[in-house]
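All values derive from a computational prediction rather than experimental measurement. We're numbering straight along the sequence, starting at 1.
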Amino acid sequence: MLSANVISGQVDHAFGYTHNDMGPLRLHRPLIRATRVQSLALSSTLMAVRSC
C-alpha cells in the first residue's frame with residue numbers, strides 16, 4: 001500500500017499535476033496532457049513491475 005502511494009505521487013509529478021519537494025527546493029514540471037486513464041495505466045504497470 002505504501003509503494004502504491006509513492007508510485008502514484010511520482011507519476012502525478014512526472015505528468016506535471018503536482019509539485020515535488022526536494023529538501024528546500026520545490027520542483028514544478030510542465031504539464032503533460034495525459035488523461036487520468038493513461039495515468040492509471042502507467043501507475044498500474046509500475047506497481048505490477050515493482051511487485052515482481
Side-chain angles (χ1 to χ4, degrees):
M1 186 59 108
L2 178 61
S3 64
N5 288 334
V6 171
I7 289 172
S8 177
Q10 291 301 318
V11 168
D12 284 344
H13 172 67
F15 283 144
Y17 292 127
T18 61
H19 64 275
N20 193 10
D21 293 329
M22 302 287 283
L25 301 174
R26 179 170 277 189
L27 304 174
H28 293 276
R29 298 188 77 167
L31 183 63
I32 296 174
R33 293 291 176 197
T35 65
R36 295 309 290 171
V37 173
Q38 291 170 326
S39 175
L40 176 66
L42 181 61
S43 294
S44 299
T45 302
L46 288 174
M47 283 186 266
V49 168
R50 289 286 293 169
S51 67
C52 293

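Among residues at least two apart or in separate chains, there is no salt bridge (charged side-chain N to carboxylate O under 4.0 Å, His left out) pair with a member in residues 41-52. Sorted by first and then second residue, the side-chain hydrogen bond (donor to acceptor under 3.5 Å, both in side chains) pairs involving residues 36-47 (not counting sequence neighbours) are Asp12-Arg36.
In terms of hydrophobic clustering, with Ile, Leu, Val, Met, Phe, Trp and Tyr side chains grouped at heavy-atom distances under 4.5 Å, Val11 and Ile32 are assigned to a common cluster.
Qualifying salt bridge (charged side-chain N to carboxylate O under 4.0 Å, His left out) partners for Arg33, counting only residues two or more places apart in sequence or in other chains: none.
Tested against Ile7, the residues Leu46, Val49, Leu42 include a single side-chain contact (heavy atoms from CB on, under 4.5 Å) partner, Leu46.
Under the 3.5 Å distance criterion, the side-chain polar atoms of Ser51 are matched with a main-chain donor or acceptor of Ala48.
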